[in-house]
Amino acid sequence: MKYVALVYYQERIIDAMNEKEWHDLNQECVAGVERLDGQGHYLAGEALHPVDTATTVRVRDGEVMLSDGPFAETKEQLAGFYLLEARDLNEALQLAGRIPPARFGSIEVRPVRDLPPPDSAPDISEGD
């Protein structure tokens, strides 16, 4: 089963790191991805730029509205994600516990929901 592990941390903690600390954390993440991949758990993932590069898109009454920044003010910001393959939620949680930025923030684990294939609308005809 697929799970997404959303990585959140406070950017101010990361911003306070010196160059070596930041480099070491990134290398730890790369090594973690290599380990997960070698074990068959890593499907995909990406790190995100800081929230000051974000733009939020909303559509209200057919009008597209853009605003700078994330959609909500929070203590922690979304920093990236891992798409994991795990046999169940317990295994996914164990894997997420090994993601290095968990030391600075949190990892939200959610199962991936499969969408129905195109043109597979349910048959709602009467008289069956």
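Residue numbers count from 1 along this sequence. Only this structure's heavy atoms are used, side chains among them; waters, hydrogens and symmetry mates stay out.
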Asks: Above 12 or not: heavy atoms from other molecules or residues under 6.0 Å from CD of Gln39?
Replies: yes
Asks: Quick test of your reading: applying salt bridge (charged side-chain N to carboxylate O under 4.0 Å, His left out), list the pairs with at least one residue in residues 101-112, sequence neighbours left out, ordered by first then second residue.
Replies: Glu28-Arg103, Glu108-Arg110
Asks: What distance do Gln10 atom CD and Glu76 atom CD have between them, rounded to the nearest 0.5 Å?
Replies: 6.0 Å
Asks: So, using side chain to side chain contact (heavy atoms under 4.5 Å, CB included) as the criterion, who are the partners of Arg60 when residues are at least two apart?
Replies: Arg58, Met65
Asks: Checking Asn18 now: which residues fulfil side chain to side chain contact (heavy atoms under 4.5 Å, CB included) with it, not counting sequence neighbours?
Replies: Lys20, Glu21
Asks: Once side chain to side chain contact (heavy atoms under 4.5 Å, CB included) is applied, do any residues pair with Asp88, and if so which ones, sequence neighbours excluded?
Replies: Asn90, Glu91
Asks: Testing the basics here: between Pro101 and Cys29, what is the closest heavy-atom pair and its distance to 0.1 Å?
Replies: CD-SG, 3.7 Å
Asks: Before you tell me yes or no, could you show the steps for Arg113 and Leu115 under side-chain contact (heavy atoms from CB on, under 4.5 Å), namely the whole-Å CA-CA distance, both residues' side-chain angles and the distance that decides it to 0.1 Å?
Replies: CA-CA 6 Å; Arg113 181 172 56 94; Leu115 295 175; 3.5 Å; yes
Asks: List, by chain and number, the other hydrophobic cluster members for Val59, where Ile, Leu, Val, Met, Phe, Trp and Tyr join if side-chain heavy atoms come within less than 4.5 Å, directly or indirectly.
Replies: Val57, Val64, Leu66
Asks: Check which hydrophobic residues are tied to Leu36 through side-chain heavy-atom contacts below 4.5 Å, counting indirect links as well, and list them.
Replies: Met1, Tyr3, Val7, Tyr9, Ile13, Ile14, Met17, Trp22, Leu25, Val33, Tyr42, Tyr82, Leu84, Leu89, Leu93, Leu95, Ile99, Phe104, Ile107, Val109
Asks: Are any of the side-chain heavy atoms of Glu46 and Phe81 separated by less than 4.5 Å?
Replies: yes
